[in-house]
Each structure stands twice: as structure tokens, then as C-alpha cells.
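Here is the structure we will look at.
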Amino acid sequence: MSCRLSVNINKIATLRNARGHNLPNVLQVAKDCQRFGAEGITVHPRPDERHIRYQDVIDLKPLITTEFNIEGYPSKEFVDLVLKVVPNQVTLVPDPPEAITSNAGWDTIKNRNFLKDIVKTFQQKGIRVSIFVNAEEKMVNGAADTLCTRVELYTESYASNYRQDKNEAIKNFVLAAKEAQKVGLELNAGHDLNLENLKFFYQSIPWLKEVSIGHALICDALYFGLENTIQMYLRCLK
Ligand code: PXP
């Protein structure tokens, strides 16, 4: 099985919210992404609902025929929503409510007990839990202690250093990915992945299970169209 492409459709909701009507239609776009080959749909609801709204998440559930991944900070409202919707996967992200986007992984050592409780709550409902971490072996190890079964590596630093020296940029990620393998954690990755840097990332870590990609993919779709763009990303993962 090759690496799964999960399309993050938050930007579609941002565009819709700019006008207050239902264009583009987030539900239709999710269906179309799957029709065009996406192997998962990711959403990241935030408390201010500035992009994906809680109601969108509920409405999306019956339309997802691939894999539904809900990511976010595990506030009470978020936990209740996820338990109601029961997606295939929840990705725990430590982003404060005012953050524009996720900007760091969890400190899995400091937050071990908190995360452990949340992981258990979701796993009891049969939801796979992935924890968003920086590419540091000790944070991967800390995640394993929470008894989650996956981690998502935060790839911002890889993406921003890629052009300067891709071999240097990937180093910590390969080490963290090997650590994950050693402690029996499956691996996801995301943030600022794009058509330029994705292939090398996957070639360097071929046991990667899933990438979730939003911003660059939706931007590329303005030029290439959504169907072509999804196919182009899929080709980076084969
Ligand atoms: N993974 C996580 C945990 C995220 O928070 C985000 C951004 O919402 C992504 C992946 C996707 O990042 P990008 O939009 O840069 O592709």
C-alpha cells in the first residue's frame, strides 16, 4: 500500500465563508476530491469556526467513503464533536485558538497524562489517534507512552529548508521516523508539503502511511484544476 493522500479542505471553507453563501460547497468539494482520487478528507475545526464549522464536520461524515480525519486541539467542544461524529482518525494538535495555523508539535513529555486520557477516550470509541509532533525522537517516544498508535510529523521545517539543502532538511525526519518504527508507531506527515517537496519526503521515508495536505494543494488547484492537482500529488506518492 502506498502512502495515503488526505486532502485538507479547510481552505475551501475559508473561501466559502468570505461571502456568506454556500459557494464553494464544502460538501460537494469533499465528494469531488474523493471522486478525483483523494484517499482521505481532513478537516481542522477551530473554536471560532473561521473555516470549517462544527456543522460541516457533522454533515461531511456520511459523505466520506475514504478516510475521515479530524484534527484539532482537544478542547471539551472538540472532544464532544469527534465523539459524536466518530471519524476514522483524530489528529491531536496543540494549537492555541488564535493561531493562524498549527505552528508546533506537542510536548508529549510534559503533556503525557493529559494526552493519555484523551487517547483512551477516543480509542474506546474505535477512533485511531494520531499525535502531531516535531521531528524529535524524544517527542516520538513520548507519544508512544500515551498509547496512541500513530504520530504525524510536523513538516514545516522540512518544507522551509528543502530548497537550501534537501538532504539536510530531511535528516531529523528520517531519524524521528525510524524511532517511530522502532517503538511501533505508524506515521503520518503534514504541513507545507507541496508538489516540489513531497516526492523526496516520501522516497526518504517510504513507510509513511498518510500525508494531509491543504494549503498548497488548493492553491495549485487554481492553476491546474482540482482533479489534475490531486492526480499530480498522487503521482508523488507512488
Ligand atoms: N497537519 C496538521 C496537523 C495541520 O494542522 C495542517 C494545517 O491545518 C496540515 C497538516 C496541513 O497543512 P498545509 O495546509 O500546510 O498543507
Side-chain angles (χ1 to χ4, degrees), residues 3-15 17 26 29-30 33 38-53 56-57 60 67-75 78 82 87-108 111 115 118 122 128-135 139-140 143 148 150-162 173 176 186-199 201-202 208-222 226 229-230 232-234 236-237:
C3 178
R4 196 180 266 272
L5 171 66
S6 186
V7 175
N8 179 322
I9 57 169
N10 264 31
K11 282 278 137 58
I12 302 295
T14 307
L15 194 55
N17 298 351
V26 169
V29 172
C33 284
E39 295 145 326
I41 297 292
T42 293
V43 291
H44 191 143
R46 288 199 161 84
D48 61 5
E49 301 196 303
R50 65 179 182 270
H51 27 60
I52 281 288
R53 300 176 185 142
D56 293 327
V57 181
L60 278 164
E67 187 200 75
F68 198 18
N69 174 43
I70 307 179
E71 51 180 48
Y73 181 81
S75 61
F78 179 87
V82 174
N88 307 88
Q89 175 175 272
V90 60
T91 301
L92 305 181
V93 182
D95 56 342
E98 65 283 4
I100 293 175
T101 182
S102 322
N103 51 18
W106 285 98
D107 184 332
T108 53
N111 295 287
L115 288 170
I118 303 272
F122 288 135
R128 183 202 307 135
V129 183
S130 175
I131 294 186
F132 192 55
V133 289
N134 291 348
M139 292 306 155
V140 171
C148 69
R150 271 197 200 192
V151 285
E152 176 177 332
L153 296 180
Y154 174 45
T155 47
E156 190 277 333
S157 69
Y158 164 73
S160 58
N161 295 322
Y162 177 86
F173 288 84
E186 293 180 323
L187 201 66
N188 294 346
H191 222 283
D192 290 333
L193 293 174
N194 60 34
L195 284 174
E196 188 185 357
N197 61 35
L198 179 59
K199 191 172 180 157
F201 193 89
Y202 182 46
L208 193 62
K209 286 275 181 199
E210 179 179 308
V211 288
S212 61
I213 306 184
H215 187 77
L217 189 151
I218 301 303
C219 293
D220 288 331
L222 293 174
L226 191 54
T229 301
I230 289 175
M232 288 160 88
Y233 276 82
L234 285 172
C236 297
L237 295 170

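First listed ligand is number 1; within each ligand, the first listed atom is number 1.
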Tell me which protein heavy atom sits closest to [atom], plus the residue, atom name and distance to 0.1 Å.
atom                    : answer
atom 7 (C) of ligand 1  : Thr101 OG1, 3.7 Å
atom 5 (O) of ligand 1  : Ser102 OG, 2.3 Å
atom 12 (O) of ligand 1 : His191 CA, 3.4 Å
atom 8 (O) of ligand 1  : Glu71 OE2, 3.2 Å
atom 16 (O) of ligand 1 : Gly214 N, 2.8 Å
atom 14 (O) of ligand 1 : His215 N, 2.9 Å

*Nearest 0.5 Å please: distance from the CG atom of Asn197 over to the OG1 atom of Thr155.*
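If we round to the nearest 0.5 Å, Asn197:CG and Thr155:OG1 are 7.5 Å apart.
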*Sub-3.5 Å N/O-N/O distance, Leu193 and ligand 1*: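 No - when backbone and side-chain N and O of Leu193 are compared with those of ligand 1, no distance drops under 3.5 Å.
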*Judging by distance only, is a nitrogen or oxygen of Thr91 under 3.5 angstrom from one on ligand 1?*
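N/O-N/O distance below 3.5 Å does not exist for this pair.
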*asked:* For Asp192 and Tyr158, which I'm curious about, is there any donor-acceptor pair between the side chains at under 3.5 Å?
replied: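 No, Tyr158 and Asp192 have no side-chain donor paired with an acceptor closer than 3.5 Å.
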*Can you find a side-chain donor-acceptor pair between Glu71 and Gln89 that sits under 3.5 Å?*
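No, Gln89 and Glu71 have no side-chain donor paired with an acceptor closer than 3.5 Å.
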Provide the number and element of each atom of ligand 1 under 4.0 Å from a heavy atom of [X].
X      : value
Ile213 : 16 (O)
Asn8   : 8 (O)
Val93  : 3 (C)

Would you mind checking if [Y] and [X] are paired as a salt bridge, meaning a charged N to carboxylate O distance below 4.0 Å?
X      : Y     : result
Arg4   : Glu39 : no
Asp48  : Arg46 : no
Arg128 : Glu67 : yes

Answer side chain, backbone, both or neither: which part of [X] comes under 4.0 Å from ligand 1, heavy atoms only.
X      : result
Glu152 : side chain
Asp192 : both
His44  : side chain

*Would you please determine whether Ser212 falls within less than 4.0 Å of ligand 1 on a heavy-atom basis?*
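Flag set, Ser212 near ligand 1.
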*Take every heavy atom of Asn10, measure it against each atom of ligand 1, and state whether any distance is under 4.0 Å.*
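No, Asn10 has no heavy atoms under 4.0 Å from ligand 1.
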Got [X] and [Y] here, is their nearest side-chain heavy-atom distance under 4.5 Å?
X      : Y      : value
Leu195 : Cys236 : yes
Val7   : Thr42  : no
Val151 : Phe132 : no

*For the ring pair Phe78 and Tyr73, is the centre-to-centre distance below 6.0 Å?*
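No, too far apart.
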